[in-house]
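Since the structure comes first, as structure tokens, the remarks are kept for the end.
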Amino acid sequence: LQGNSRYIAAAAAVLATILRFLLTGGLFITFMPDSNYDDMMQIQKALSLSAGEWLGEYGSMTLVKGPGYPLLTALFHTLGIPYLAGWTALYTIACAAFLYAVSPVIRNVWMRLLLYVALLYNPVAFSNQVNRYYRDAGYYAIAFLCIALFLGMLLHSGRRRAVLAGLGGFALGWAAMVREDSQWLFIYAAGCLAAVFCFCIFSLNRRFGSAVLACALIAAGYGAATVP
């Protein structure tokens with residue numbers, strides 16, 4: 001039984017994920033058509049993107065809010081992915097990324113499974129605020145993905161740290177395009193990067209190469225997400 005624990009836990013995680021998507025299918029989507037600066041504006045931008053018209057005709061509200069949410073919403077529409085299913089998939093990826101991030105410190109597969117299920121069924125993900133035609137629908141998932149990737153950068157080393165740093169930079173850039181008040185994520189990322197440098201300073205080998213590379217890859221990932 002102990003030898004098969006990984007497979008049993010993986011099967012349980014898959015079943016929990018399937019059930020999560022089934023529950024998502026029963027949720028209602030909130031839409032506020034009279035909110036010209038919120039729901040309506042964001043959906044109009046997504047429709048313009050789907051039609052190949054970028055953000056639509058340039059006007060006073062074109063750059064009021066970032067294009068991160070309309071871009072992903074238009075992508076879901078183009079690929080034929082249901083709205084809530086798309087955001088649920090992104091949040092599921094964030095949960096899996098967090099599980100991978102903490103794998104060096106949480107090695108017990110049953111503890112990982114419990115953590116995954118707890119995150120996957122977070123009540124916030126079922127609230128009306130995030131099940132809405134508005135940027136909050138995806139921001140919680142993108143922000144959590146940032147947290148997971150930078151935590152993974154801190155806890156892992158070598159090539160894994162480099163990959164997680166680059167992906168974290170990209171996710172950070174996308175979060176900034178979804179909400180302009182994402183400064184707290186920049187502070188969090190800077191704190192994780194500072195901790196990596198501190199580990200290098202106080203370690204015996206004092207190899208700063210991975211920390212410098214992580215810093216460069218964060219910048220590269222951020223640029224890839226934000227540069228048109």
Side-chain angles (χ1 to χ4, degrees), residues 1-21 87-126 130 138-176 178 182 184-205 207-218 221-222 225:
L1 181 61
Q2 291 182 351
N4 296 326
S5 60
R6 289 181 178 271
Y7 299 102
I8 297 173
V14 171
L15 290 175
T17 304
I18 294 173
L19 179 59
R20 176 68 174 82
F21 275 88
W87 294 118
T88 300
L90 183 59
Y91 181 66
T92 302
I93 292 172
C95 292
F98 188 85
L99 218 64
Y100 179 78
V102 300
S103 60
V105 293
I106 302 180
R107 299 183 180 277
N108 186 282
V109 293
W110 300 112
M111 289 298 296
R112 291 184 195 176
L113 176 63
L114 181 63
L115 178 61
Y116 176 72
V117 172
L119 292 171
L120 194 63
Y121 289 87
N122 181 356
V124 173
F126 295 91
V130 298
Y139 185 70
Y140 79 101
I142 298 172
F144 186 47
L145 182 60
C146 285
I147 292 172
L149 292 172
F150 285 116
L151 180 62
M153 177 195 70
L154 175 61
L155 297 178
H156 289 266
S157 60
R159 293 182 179 178
R160 294 180 180 181
R161 172 174 289 168
V163 172
L164 291 168
L167 293 174
F170 186 87
L172 182 63
W174 205 276
V178 174
S182 296
W184 65 280
L185 284 173
F186 285 84
I187 296 172
Y188 171 79
C192 289
L193 188 60
V196 171
F197 274 96
C198 288
F199 285 158
C200 293
I201 292 172
F202 293 104
S203 63
L204 295 177
N205 52 32
R207 295 178 179 176
F208 292 94
S210 64
V212 174
L213 179 61
C215 187
L217 288 172
I218 290 173
Y222 183 87

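By convention here, the first residue in the shown sequence is residue 1.
With a 4.5 Å cut-off on side-chain heavy atoms, Tyr140 and Asn122 do not count as touching. The shortest distance between side-chain heavy atoms of Val196 and Phe150 does not fall below 4.5 Å. With contacts defined as side-chain heavy-atom distances shorter than 4.5 Å, the pair Phe144/Cys95 qualifies. Contact annotation: the side chain of Tyr116 approaches that of Thr92 to within less than 4.5 Å [non-hydrogen atoms, C-beta and beyond].
For Tyr188 (side chain) and Ile147 (main-chain N/O), a donor-acceptor pair under 3.5 Å exists by modelled atom type. Of the possible polar contacts, one joining the Tyr121 side chain to the Ala16 backbone as a donor-acceptor pair under 3.5 Å is found. Side-chain atoms of Tyr91 come within 3.5 Å of backbone atoms of Leu119 as a donor-acceptor pair (strictly under, hydrogens ignored). Between the side chain of His156 and the main chain of Tyr100, a donor-acceptor pair closer than 3.5 Å is present.
Here the CG atom belonging to Leu172 is positioned 8.0 Å from the CD1 atom belonging to Ile218, to the nearest 0.5 angstrom. Taken from CZ in Arg161 to CG in Leu155, the straight-line distance is 9.0 Å, to the nearest 0.5 Å. The CD1 atom of Ile187 lies 12.0 Å from the SG atom of Cys192; values are rounded to the nearest 0.5 Å. Here the straight-line distance linking atom SG of Cys146 with atom CG of Leu167 works out to 10.5 Å at 0.5 Å rounding. The CZ atom of Phe21 lies 8.0 Å from the CG atom of Leu120; values are rounded to the nearest 0.5 Å.
The two residues Leu151 and Ala101 come nearest to each other via the heavy atoms C-CB, 4.2 Å. The two residues Leu90 and Leu145 make their nearest non-hydrogen contact at CD1-CD2, 4.5 Å. Heavy-atom minimum distance, Tyr222 versus Ala176: OH-CB, 4.1 Å. Closest of all the heavy-atom pairs between Ala141 and Ala94 is O-CB, 3.7 Å. The minimum heavy-atom distance linking Leu164 with Met153 is given by the pair CD1-N, 3.8 Å. Shown here for Ala9 and Leu113, the closest heavy-atom pair between the two residues is O-CD1, 3.7 Å.
Between Trp184 and Tyr139, the ring planes lie perpendicular to each other; the angle is over 60°, past the 30° to 60° tilted range.
More than 12 heavy atoms of other shown residues, nucleotides or ligands fall within 6.0 angstrom of atom CZ in Arg20.
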